[in-house]
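Written below as structure tokens is the structure these notes are about.
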Amino acid sequence: MLARIPEEVIDNVRSSVNIYDIVSQFVQLHRSGSNWFGLCPFHSENTPSFSVNEKKQIFHCFSCGRGGNVFKFLMELQGLSFPEAVFQVAEAANITIDDQYRHTGQKQQVSEPNRKLLEMYQTTVDLYHYILMETEAGQAALDYVHARGLSDELLREFKIGFAPDENLLEVYLKDRAFDDYQLLHKSGLFVTSQEGQLFDRFKGRVMFPIRDAFGRPVAFSGRILVKNEQVPKYLNSPETDIFNKRKILFNFDKAKAEIRRQKEVILFEGFMDVLAAYRAGVKNGVASMGTSLTEDQIYLLERHAQRLLVCYDGDEPGQRATKRTLDLLEPYGKMELGVIMLPDQMDPDETLHKYGLEHFAKILQENRVSPIAFFMQLYRQGRNMRNEDDQVDYLHDVLPELAKTNDRIQQDLYLNRLADEFHLERADLRAQLDQVVSQVGAPDPPPQRDVEVRIAPPMDSGSDRQYSQVEKAERLLLYRALHDHVVWTKLHAMTSFNFVDQEYQLIYTLAEGYFNIYQQYESATFLDYLQDDNLRQVIVSIEMADYTSETSMEEVEDCLRIIMEVPLHQEIGQTQMAIKNAERQGDFETLTELTAKLIKLLQKQQTN
């Protein structure tokens, strides 16, 4: 049994980082009052309900209820075990921990088959990359990618590789302890014959590793090296337990920091386009997996970017694809949209080769237009703009696009341009536009996702749960006891005091052990001290409640009165029921005793 990470090491790692710095790598956060808010990374939502409290070093979602400290955030987000989360935070804090603590008997949150699949893909990435960079078998492929402008530095950065024509992967993986046939079969790295024999899925292809949001390779896209009309140019991995193409964006793991910094993302059509932009120093580019954007991918981008720019090929198919993407994105409405127009109907890679790295980066920065300007240019294609019929058809296409925006100034700007170009009365165009707006109605609200969320978090809640007066008193009193030593001492001296609800009493009892170790209460530390996840969530919801920082002893006394009246109420009720039973049985001696007891209880209640 390997040793657990010492508590002092865990405390040092936790206190050496700011939870904001870790969380903001994955969630776009905006300050509101004393907290930071953003879209929750654990579920789909339209209104931010995910909160980070820097002072207490905890996070909490007021909608789905997840919460905890920096370790819990990484465990939930990346499926890590507790030791793995500690090691990851330690790495961010430049703290070295002995490797003997890396894997312990603590519960792993990623299933063992999935863990093996991730390791298998990393091993395969390393193999294919080595073949490309270091072997004679990969020389032709290396010459090809060099000719495409990919430097050795870029090849190493993205771990691009080459899968040769030979069936070598199965033997290579089995030599490295990946010998579970079922796991190999479902990995997506092989095709299986009717006899059950495994053959390498990717042969003679330049291999682009597909990574998830955390940088772990989960799939491949292989480009054919020698042109062959009988096979597709690109071959992608099938979906597996670790790869869902609807949730993955190529290069998102590397781009997300730059996306957050610039508050914008550039959406390209293909991997080579992303790499072309990367070579030009534009590192906030991503690409979907050869399909239209999905809701999951859109939501992923919404959490990190305020603006999305579509940069597809400049030819007619690319422009039509741009239109489909804009039409898809428009109803969501959370990101400002734009289009990067490439010259001469070229794709990004062609543009780079023609104009060079520096000028290509300038094009990506300067050739930006609004969606309406893009549509006005798109609808001109194939039309004779001196022909009146084509002019009318053009206006019939353009006005519905103008009707999609609520920006009156933008509408007026383009109406003026149309009126000048076609020598029309602006008032007539405005009347026509207003008629279109009335026909199509106001822009639709963003599509509803999994849950409805609050505009603002509740004052004393970690979720939509409603608390009784007694439980509100328990939560407030527990908060005061943990944060104020005077209140803690007062409760500790009351030998007859107990919380009514078991979870609060259990936390109160466990806190005694905590204070035997730690002199001062810190919520992030206490969360690691608690072993029960339900109790951790109770603490998080209490900590995120909007309690004042100053303790009022009158407030404490009120809480005590409400809590301690509950057992008295229960005893009065039980005594009254016993009196009724004694009356039915004619037991006058017991009836007399119970009546005297009831009188005393009622007097005590009155005194309280």
Side-chain angles (χ1 to χ4, degrees), residues 145 148-150 154 157-158 160 206 208-213 219-223 233-234 236 245-260 262-294 296-298 300-302 304-305 307-329 335-357 359-369 371 374 378:
V145 293
R148 293 293 301 268
L150 304 187
L154 192 73
E157 172 80 13
F158 285 85
I160 295 169
V206 177
F208 296 90
I210 309 301
R211 301 176 303 273
D212 64 14
F220 285 102
S221 182
R223 190 195 191 282
K233 181 191 292 187
Y234 281 95
N236 294 333
K245 65 182 180 181
R246 295 181 295 277
K247 298 178 181 292
I248 299 289
L249 288 164
F250 177 75
N251 194 48
F252 180 78
D253 61 310
K254 293 183 179 296
K256 61 187 176 186
E258 191 68 13
I259 291 171
R260 287 192 304 274
Q262 297 192 32
K263 297 182 173 56
E264 72 176 26
V265 60
I266 301 177
L267 179 66
F268 294 99
E269 277 189 277
F271 309 139
M272 292 301 295
D273 300 332
V274 173
L275 295 177
Y278 201 90
R279 290 163 55 199
V282 179
K283 299 186 176 182
N284 59 331
V286 300
S288 59
M289 298 300 301
T291 59
S292 299
L293 278 178
T294 66
D296 289 320
Q297 292 167 336
I298 293 170
L300 181 65
L301 294 175
E302 285 178 346
H304 293 78
R307 180 169 52 256
L308 183 147
L309 297 158
V310 181
C311 184
Y312 287 176
D313 294 356
D315 57 11
E316 183 178 351
Q319 297 301 283
R320 293 295 173 184
T322 300
K323 178 184 183 306
R324 289 194 300 272
T325 298
L326 291 174
D327 290 341
L328 177 67
L329 287 164
M335 291 181 289
E336 175 189 342
L337 301 180
V339 178
I340 297 176
M341 304 292 289
L342 298 179
D344 304 325
Q345 296 189 345
M346 293 187 294
D347 64 34
D349 195 41
E350 293 169 338
T351 306
L352 184 149
H353 280 88
K354 179 175 181 178
Y355 292 98
L357 292 174
H359 192 63
F360 176 60
K362 188 175 181 181
I363 289 172
L364 293 180
Q365 187 62 38
E366 296 181 355
N367 287 24
R368 301 179 173 193
V369 299
F374 164 78
L378 175 69

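Along the sequence shown, residues are numbered consecutively beginning with 1.
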Cation-pi check, Lys254 onto Phe158 ring (under 6.0 Å, within 45° of axis): yes

Set of residues satisfying side chain to side chain donor-acceptor pair (under 3.5 Å) with respect to Lys283, sequence neighbours excluded: none

From CD (Glu157) to CG (Leu154), nearest 0.5 Å: 7.0 Å

Any Val310 side-chain heavy atom under 4.5 Å of Leu337 side chain: no

Minimum heavy-atom distance Arg148-Met272, with the two atoms named: NH2-CE, 3.6 Å

Geometric class of the Tyr234/Phe271 ring pair [parallel <30°, tilted 30-60°, perpendicular >60°]: perpendicular

Minimal non-hydrogen separation, Ile248 against Arg211, with atom names: CG2-O, 3.8 Å

Side-chain touch Glu269/Asp347, heavy atoms, less than 4.5 angstrom: no

Side-chain heavy-atom pair Val286, Val274 within 4.5 angstrom cut-off: no

Minimum heavy-atom distance between Gly285 and Ala255, given as atom pair plus value: O-CB, 3.8 Å

Minimum side-chain heavy-atom gap Gln319-Phe374 below 4.5 Å: yes

Atom pair CE (Met346) and NZ (Lys354), whose distance is rounded to the nearest 0.5 Å: 4.5 Å

Pair Met341-Val339, side-chain contact (heavy atoms from CB on, under 4.5 Å): steps then yes or no: CA-CA 6 Å; Met341 304 292 289; Val339 178; 3.6 Å; yes

Least distance between heavy atoms, Lys247 atom then Leu300 atom: O-CD2, 4.2 Å

Value rounded to 0.5 Å, distance of CD1 in Ile340 from CG in Leu364: 5.0 Å

CG-CD1 distance between Leu329 and Ile298, expressed to the nearest 0.5 angstrom: 5.0 Å

Pair Phe360 and Tyr355, ring centroids less than 6.0 Å apart: no

Side chain to side chain, Lys256 and His304, heavy atoms closer than 4.5 Å: yes

Minimum-distance pair of heavy atoms, taken over all atoms of Ile160 and Pro209: CA-CD, 4.1 Å

Note, Ser292 side chain near Thr325 side chain (heavy atom, < 4.5 Å): no

Leu301 side chain near Leu249 side chain, heavy-atom distance below 4.5 Å: yes

pair Arg279-Asp349: side-chain heavy atoms closer than 4.5 Å: yes

For Arg368, all residues meeting salt bridge (charged side-chain N to carboxylate O under 4.0 Å, His left out), sequence neighbours excluded: Glu264

Gap separating the CG atom of Leu309 from the CD atom of Gln262, nearest 0.5 angstrom: 9.5 Å

OH on Tyr312 to CG on Leu267, rounded to 0.5 Å: 4.0 Å

side-chain contact (heavy atoms from CB on, under 4.5 Å) assessment of Arg307 paired with Val265: CA-CA 6 Å; Arg307 180 169 52 256; Val265 60; over 6 Å; no

With Ile266, the side chain to side chain contact (heavy atoms under 4.5 Å, CB included) member among Ile259, Asp273, Asn284, Leu308: Asn284

Distance-minimising heavy-atom pair for Phe268 and Cys311: CD2-O, 3.4 Å

Salt-bridge criterion met for Asp296 and Arg246 (N-O under 4.0 Å): no

